[in-house]
Amino acid sequence: MNIQEKLTAALSAVKEKSPLVHHLTNYVTVNDCANITIAIGASPVMADELSEVEEMVSIASALVLNIGTLNSRTIESMLAAGKKAKSLGIPIILDPVGVGATTLRTKTAQRIIEEVQPTVIRGNMSEIKVLAGLDVKTKGVDSVASEENAEIITKKLATEWNCIIAITGKTDIVSNGKQVCRIDNGHRMLSDVSGTGCMSTSLIGSYCGANQDYLTATVAGIASMGLAGELAQQSLTPDEGIGTFKIHLLDKIYNLTPESLAKGCKVTCE
Amino acid sequence: MNIQEKLTAALSAVKEKSPLVHHLTNYVTVNDCANITIAIGASPVMADELSEVEEMVSIASALVLNIGTLNSRTIESMLAAGKKAKSLGIPIILDPVGVGATTLRTKTAQRIIEEVQPTVIRGNMSEIKVLAGLDVKTKGVDSVASEENAEIITKKLATEWNCIIAITGKTDIVSNGKQVCRIDNGHRMLSDVSGTGCMSTSLIGSYCGANQDYLTATVAGIASMGLAGELAQQSLTPDEGIGTFKIHLLDKIYNLTPESLAKGCKVTCE
Amino acid sequence: MNIQEKLTAALSAVKEKSPLVHHLTNYVTVNDCANITIAIGASPVMADELSEVEEMVSIASALVLNIGTLNSRTIESMLAAGKKAKSLGIPIILDPVGVGATTLRTKTAQRIIEEVQPTVIRGNMSEIKVLAGLDVKTKGVDSVASEENAEIITKKLATEWNCIIAITGKTDIVSNGKQVCRIDNGHRMLSDVSGTGCMSTSLIGSYCGANQDYLTATVAGIASMGLAGELAQQSLTPDEGIGTFKIHLLDKIYNLTPESLAKGCKVTCE
């Protein structure tokens, strides 16, 4: 199968299986994460209390760990849920939001990577560079980095940590250490809406919950978001902005079909 | 008065009194709960710190307890707020979100029922069956159950716990142990949006805060949501989805009048 | 410069500098606060864990403290972040949500005012009156108060606490103790959406993060919200309501230019 055929199959599997995706995520974008998970065809559940997360993740098909508004209570819950998921073979997707901005975020992401060994890690260029131990300035905005570097870093980290690494940006790069995929979907307006990164991570979780080829699942999640961003932007009138854009994003994901994904995605893998 | 006249009066009372509805609810759908409470004509307040909930609920006209993202801190706050409300005669509406999925949720809902004795309990078929002690599989999706069973369970539980029980689903069933009402409003798209159950509970809270006939208030909350769902779905163009649908839901509740509710509701009581 | 020229310059500065605005805010309206901060041209970050807030605020250009859903954990974080910001000369904007409704809220707002000395305090008439030690009934709704009183209270408190005080209502009043500005933008529908007060505060934070004239920054934040409210309401069809209105609010802020702000604002200062 070529990548388009793989993406078609991946979305069909989500819609057929409707996997339960357990989220431990931030309170800023959690509602958007829930709705985009439903929109793609999966089923979200949010639960972060230490005494229930292991039981909850046991009935889930994927686990999303997003450190956007971490605190000492939820960090312990993330580690417990992550370890349980790992022991059960449930895929774990880490979104290291704001890593590098504070020591707590960097240390927590590192702990999760070491103790839980996530299946997929998705971040922006700054976040992944920080995880890679490179010197980066983070101020809530992406650092400037050449695409060539992105590919090298992605592949290197994926090999080192034996997982899928995804860097989202103008061009998105995904690697499992051997193969590297590039995704050229998306629109700059996506970076003007809070939570589009988190939502991409939830989509990756949805795909991983229904597909065992996690490289394809990660590419599918990112390409779905990028394509929806393009379509949402095209649907806007001049007097509309990010309010309407976000609503249309959800609409476009809801109406995305395996065929329209295959037709609209701009993905190359090598 | 027939049920249509009762619903007309119930909505008029909400709009006239604008009752304050104190919520202890989850962080996933809390914004939608706040806005739908305003949309129907009531006034929301969210506060969950143990040291302030008793004081806050004392100035409220209804209390909503929603365990969607419960934790050890907020469980204690829910119990304290609930007991205070009970002692003051303020109606308490319990939404046992995800009960059955984890032991913590089941035990917490049982504690609230025993220690607080809610005025209304609204859940889906799975949740209410779990509360009734029946054997159910829950995976964040409804179990299949015949409507006949729904009526029997609803009536039995309502009698046993001396409260209003509401099961929402394709047909919604509400009972106070003596009377049983069936509501045939709604659209399947409502189940594709995160939080429509929570929002129904907030509407029930809004109606209960302005009306002493809690059976009618519960029916009114559910029928309002169902009718808004129908109207919202009818307003969609083919390229729109759950993003726009949720926005229109709020619009339709905001524009709902006592007359349009009476005209559009599909309710029978016996 | 007259006030229109000052507002033009203030918005240009936000768009040019894209200041990072650190929020410790409530979980009800936090997503709207994040998106409106982006929409005006600034960059939001939400972080409330005690062990990271001082580090986070150190890289920010403004700090928003909003007590909407305060708890014992986040109160300590707010005080720590506030003191750090103060020591670094970073402007601090306090939104004393629901002050007067519970003792905890009143005492917390008083502690923040005493220990942190905010740069700007924005509230509704009831909230500011409570802070001023006046006897007010609060039930989540504004108390009725004459505009004349609002000006006197605003000016008096601003002098006493050496900060900017803003009372938002039908007419908004802002004072630094010497000058008083009146803003006549806005539409009553703004009070039918949860979080428009919080969003105004986030806009003030965005302007303060890019401008040292905090009186102008505060006026600019409030006038921007009021003008967006007018434009959003004008764009509605009769069957639309607060759902669509809130989306359009974000659109209008996103499309606001220094020129359209100067043209549309109804501000007088003396």
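Reckoned from all heavy atoms, side chains included, excluding hydrogens, waters and symmetry mates. Note that the coordinates shown come from a computational prediction; the quantities given were computed from them, not determined experimentally. Each chain gets a letter, A, B and so on, in the order its sequence line appears, and its residues count up from 1.
With hydrogens and angles ignored, the 3.5 Å screen pairs a side-chain donor or acceptor of A:Asp251 with a backbone N or O of B:Gly241.
Atom CD1 of A:Ile247 and atom NZ of B:Lys246 lie 7.0 Å apart (nearest 0.5 Å). Put simply, CZ on B:Phe245 and CG on A:Leu250 are 13.5 Å apart, with the number rounded to the nearest 0.5 Å.
When heavy atoms are compared at a cutoff of 4.5 Å, B:Leu236 does not approach chain A at all. Only the backbone of A:Thr25 comes within contact range of chain B, judged by heavy atoms closer than 4.5 Å. If you measure heavy-atom distances from B:Ile242 to chain A, the contacts under 4.5 Å come from both the backbone and the side chain.
Considering B:Asn31, B:Asn26, B:Asp32 as possible partners of A:Asn31, the one that fulfils the side-chain contact (heavy atoms from CB on, under 4.5 Å) test is B:Asp32.
Listed by chain and number, the residues in a side-chain hydrogen bond (donor to acceptor under 3.5 Å, both in side chains) with A:Thr196 amount to none (sequence neighbours excluded). The side-chain hydrogen bond (donor to acceptor under 3.5 Å, both in side chains) test applied to B:Lys84 returns no partner, not counting sequence neighbours. Every residue was checked against the side-chain hydrogen bond (donor to acceptor under 3.5 Å, both in side chains) condition with B:Ser194, not counting sequence neighbours, and none meets it.
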After noting the C-alpha distance and the side-chain angles of B:Arg105 and A:Met56, does the key distance pass the side-chain contact (heavy atoms from CB on, under 4.5 Å) rule? CA-CA 10 Å; B:Arg105 283 165 194 256; A:Met56 190 63 94; 3.6 Å; yes
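Close approach to chain A, defined as a heavy atom under 4.5 Å from one of its heavy atoms, is seen in no residue of residues 44-53 of chain B.
In this structure, A:Lys266 places its NZ atom where more than 12 heavy-atom neighbours from other residues, nucleotides or ligands lie under 6.0 Å away. More than 12 heavy atoms of other residues, nucleotides or ligands shown are found within 6.0 angstrom of NZ on A:Lys15.
The two residues B:Asp239 and A:Asn255 come nearest to each other via the heavy atoms O-ND2, 3.2 Å. Heavy atoms only, all atoms of each residue included: B:Asp192 and A:Asn35 are closest at O-OD1, 4.4 Å.
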